[in-house]
Amino acid sequence: MHTFSMAYKSLRTHFSFYALYLSSVSLVITVFFAFTSFSMNHVMLEKISTDGRVESMCHVISIFLMAFVVFYMAYSNRFFLKRRTKELGIYALLGYRNTAILSLLAFEQIFVCCGAFCAGVLLGAAAHKAIVLGIVALLQLSVDNSQIPFFSIHAIVKTACFIAFVVFVLCASNAGFLFKTSLMDWIRFEKKAEKSMKFRRLPALLGCIMTLSGYGLALDIFRGSKSIWVSVGFYSTGMLTAMLIVIGTIFFISSFLPYAMKKSKSKQRAFYTQTKIITTPNFIYRIRSHAKTLIMLTLLSAATLSVSSVMALTVYYPIAAVSRVAPSEIEFRIEDDAQVKAAKQMVRQYAADAAVTFTQTDVYKVASSASQLPMEYHAGTAKGDADNEKILREAGFECISYTNYLSLLQAQGKEDAAATLPKLSDTECIFVKYQPGGDNNDETGSTYPLLISGDAVPVTVKDVTLDNPFSFANSIATLIVSDNIYSQIKASAAPATRILSINGKVIEQKEALYAQISNLLNQSPYLQGHSHRVKELFSLNSPTFLLIGFLVVLFFIATGSILYFNNLSAVSDTKSDYEILIKMGYTNRHIKNIIRKQVFTFYSIPFILGMSDCIFATLVYKTGLMQNLLGNTLMQYVPVVLAIALTALIYLVYYFLTVRTCCKTVCK
């Protein structure tokens, strides 16, 4: 009971010291409890998972979450143990046994974890409820909220058992430390650093070469089929690239940075300033004594930035690509005129005729006698959804008139594309590219003789566009020809397909209308819809992104908190040095300026190096693993920029919090 009372008084007396630890652990438990509640929410899982994929992902991510929580709390525990070693050494000198000191630490951990558990369960339950409401609204699900309790008893029990396991692990770690550390080591442990890492020219140079080589390999993916990524293999090249960057980062931080700072000392005019004469030697010492921690933080930052950027790009890109996959709000092949009449009647239930555009287009299949034809000409399947993959497609160009194409662009809201559309002569055409990229990307200038009524009518590609008028389920090798050539094709015996495109703002997000037309067409695979496709993507991918989002949030919490603890520890260790500077005449303003620069350096290095790794990793991911339907424009990387900006903002919050705490520790 004596140690119990001591633990309680210690926490109450040093509450401000434990405040961030309690807050960060509470956030970690909040994320864990919200995830656990979601993974045990059978009502939601039945709605969003039909093949068990979400359940499987929950089990896998649950393992990662638990491992991450244990790692983070173990690191935080070691930080606070280091700050308490002198105090614990005094307890030992006063006659306290190791078992009593271990009991004191155990009770403190129990108090902190119980407080964090209560806060985490309350906030986690609210977060879980908000997530459920968000998914229901996003996917337009019919869910009875009364069946989903605010607190999940099973989730509370699982979280409580896991926290008890974490406390046991931390107590075992503390016991191992206490029983193998001598009394003198306790007193001196606060001043101990990691094993000093020597820096030399060769490792410094090697770090730069390996890092740049890894970045060079990443950029090589833009060479297409000539790239090493294709000739050697994507995953083997990816492993080599990651290994080069990781090893290069280790050498760069442990050798090149201190070597460069040591060389900067030779510039006496720049070095001998009121601030730099303090910060530069301190930087070199911290690099040498805490290089492993800084390397770990850099790699953790790279992982945080990469995962968040890749997730943002993966969320955004498929939705942006729907403008090509399904450009019209509703589109289908016409089998008989009765379908058109019935579809129009269904649309009138939701909107007046004036608010909706009905565009009927006759698409003619035309062969060509050219020796070299684009990939789209020979594409063997419709390349729509999974059902369409089994439908064979006859080789040839699918020709429409210039006037029809212009009308479709205007109906689909692509006014800019319609305004810049070049005029066509009878010997010219516009080719719709399925996917930019490859060695023969630009067909501009290519001539394709079209076989019309037995005659070869040559047309030259004047322009290549990505603004396809139809979904890929209905047309791949779309060729826009002049109205005169189209009339010749129409008069020939070329096979034709009739396509009805329905567009209008008032019928967007009308899933019931889409379902009615689908029933009318007997679930035809040629029925495509823009809003329906977007909803389908959200339905399929939102659980995946949500689950990965739990990991990203934990990455943010862990990275920021470890940076906070590490910098606070470094400043606290050198508190006596700052006291000497104050006696030498340094004002509080000068001391705060020194602290700001030191803390900024150790926040900026992991962020800048991690951001560099993130940029190249994202380029490789987008180029190598994502289907390129939209070309390469800077607008596609806006989600990545936003993800990096969000990370920078979180780092900035932690930075100001760290500076504030460090200044309060040193300045009077």
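Just so you know, these numbers use all the heavy atoms, side chains as well, and skip hydrogens, waters and symmetry mates. Along the sequence shown, residues are numbered consecutively beginning with 1.
- No salt bridge links Lys365 with Glu394; every basic N to acidic carboxylate O contact stays at or beyond 4.0 Å.
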Item to check | Test side chain to side chain contact (heavy atoms under 4.5 Å, CB included) applied to Leu373 and Ser368, step by step | outcome: CA-CA 8 Å; Leu373 291 161; Ser368 175; 3.8 Å; yes

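- Considering Thr447, Thr427, Leu450 as possible partners of Pro458, the one that fulfils the side chain to side chain contact (heavy atoms under 4.5 Å, CB included) test is Thr447.
- Formation of a donor-acceptor pair under 3.5 Å by the Ser309 side chain with backbone atoms of Ser306 is not found in this model.
- A 6.0 Å sphere centred on CG of Asp416 holds no more than 12 heavy atoms belonging to other residues, nucleotides or ligands.
- Under the 4.0 Å criterion applied to side-chain N and carboxylate O atoms, Lys433 and Glu443 are assigned as salt-bridge partners.
- Distance alone, capped at 3.5 Å, is enough to place a donor-acceptor pair between the Ser323 side chain and the Ala320 backbone.
- Between Asp463 and Lys423 no salt bridge is recorded (no basic side-chain N to carboxylate O distance below 4.0 Å).
- Side-chain atoms of Gln410 never come within 3.5 Å of backbone atoms of Ala418 as a donor-acceptor pair (strictly under, hydrogens ignored).
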Checklist entry - Given the rule in the side chain to side chain contact (heavy atoms under 4.5 Å, CB included) test, do Ile644 and Cys614 qualify, once you have shown the distances and angles that lead to the verdict? => result CA-CA 9 Å; Ile644 293 175; Cys614 161; 4.2 Å; yes

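- Shown here is Met239, whose CE atom has no more than 12 heavy atoms of other residues, nucleotides or ligands within 6.0 Å.
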Checklist entry - Step by step, would you call Phe332 with Gln528 a side chain to side chain contact (heavy atoms under 4.5 Å, CB included)? => result CA-CA 6 Å; Phe332 61 87; Gln528 298 291 315; over 6 Å; no

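- Here the two rings, on Tyr486 and Tyr364, have centers that are under 6.0 Å apart.
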Item to check | Evaluation steps, side-chain hydrogen bond (donor to acceptor under 3.5 Å, both in side chains), between Tyr448 and Thr460 | outcome: CA-CA 6 Å; Tyr448 302 125; Thr460 302; over 6 Å; no

